[in-house]
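Only one structure is covered here, and it is reproduced in the block below.
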Amino acid sequence: SRPMPSGTSTLQDLSEYLVTMKLENLTNEQKRMIANARLGISGLDAFDRFTLKLQESQGVPVENEQEGGEQDDVFGNPMMLSMLLCYLQMRAK
């Protein structure tokens with residue numbers, strides 16, 4: 001391998017060949033669907049209670065949630081949602 005001059009990257013040279021994606025956060029409906037699949041009905045209730053408490057603590061109106069308004073929250077990220085669901089699974093045991 002040959003040394004790279006400082007300030008350059010091999011990826012910069014290949015930018016025309018690379019495809020980048022912009023991932024969007026999960027919608028509230030998608031989060032609930034995943035929670036239901038992972039936790040079941042009783043776990044979904046715990047998930048709903050958690051998200052409701054989180055919204056109330058952040059001052060987010062609940063009716064905004066029901067109108068389909070999606071708020072950017074940390075659990076829109078699939079990895080963070082998975083961590084929350086693991087936490088809720090452990091609490092249920």
Side-chain angles (χ1 to χ4, degrees):
S1 113
R2 59 184 176 176
M4 297 289 296
S6 75
T8 63
S9 168
T10 56
L11 293 179
Q12 289 174 339
D13 299 335
L14 299 174
S15 63
E16 63 191 58
Y17 303 105
L18 298 176
V19 176
T20 59
M21 297 186 310
K22 181 181 183 308
L23 298 178
E24 302 217 0
N25 281 341
L26 297 170
T27 65
N28 293 325
E29 181 181 343
Q30 289 170 325
K31 289 185 276 187
R32 289 190 83 245
M33 207 168 55
I34 293 167
N36 185 33
R38 293 256 316 257
L39 304 174
I41 294 296
S42 62
L44 182 60
D45 290 338
F47 176 80
D48 287 338
R49 284 192 307 273
F50 180 87
T51 55
L52 182 62
K53 187 186 294 186
L54 181 65
Q55 289 172 354
E56 289 171 351
S57 72
Q58 294 176 342
V60 177
V62 177
E63 56 273 358
N64 190 24
E65 172 84 14
Q66 293 170 346
E67 292 172 4
E70 304 298 330
Q71 179 191 354
D72 289 337
D73 69 305
V74 70
F75 299 114
N77 177 320
M79 185 172 66
M80 296 303 291
L81 177 63
S82 182
M83 290 173 65
L84 171 63
L85 297 178
C86 287
Y87 168 76
L88 292 174
Q89 277 179 323
M90 294 303 295
R91 289 197 62 187
K93 291 182 180 184

Let me check something: do V74 and L54 share a hydrophobic cluster, defined by ILVMFWY side-chain heavy atoms less than 4.5 Å apart, either directly or through other members?
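As far as the 4.5 Å side-chain criterion goes, L54 and V74 are connected within one cluster.
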With clusters defined by side-chain heavy atoms of hydrophobic residues (ILVMFWY) lying less than 4.5 Å apart, directly or transitively, does M80 cluster with M33?
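They do not share one cluster, since no chain of ILVMFWY contacts under 4.5 Å joins M33 to M80.
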Separation between [atom1] of [X] and [atom2] of [Y], rounded to the nearest 0.5 Å:
| X | Y | atom1 | atom2 | value |
| --- | --- | --- | --- | --- |
| R91 | C86 | CZ | SG | 14.5 Å |
| R32 | L39 | CZ | CG | 11.5 Å |
| L81 | L26 | CG | CG | 6.0 Å |

Using the rule given for salt bridge (charged side-chain N to carboxylate O under 4.0 Å, His left out), can you reason through K53 versus D48, listing the C-alpha separation, both sets of side-chain angles and the distance that settles it, and then say yes or no?
CA-CA 9 Å; K53 187 186 294 186; D48 287 338; over 6 Å; no
Given 3.5 Å as the limit, does a donor-acceptor pair link the side chain of Q30 with the main chain of T27, or not?
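Judged by distance alone, yes, a pair lies under 3.5 Å.
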Quick check: closest heavy atoms across F47 and L88, and the distance to 0.1 Å?
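Heavy atoms only, the tightest pair is CA-CD1, 3.8 Å.
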Which heavy-atom pair separates S82 from R38 by the least distance, and what is that distance?
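The pair with the smallest heavy-atom distance is OG-NH1, 3.2 Å.
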Could you check L84, N25, T51, L85 and say which one makes a side-chain contact (heavy atoms from CB on, under 4.5 Å) with F75?
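When side-chain contact (heavy atoms from CB on, under 4.5 Å) is applied between F75 and each of L84, N25, T51, L85, only L84 qualifies.
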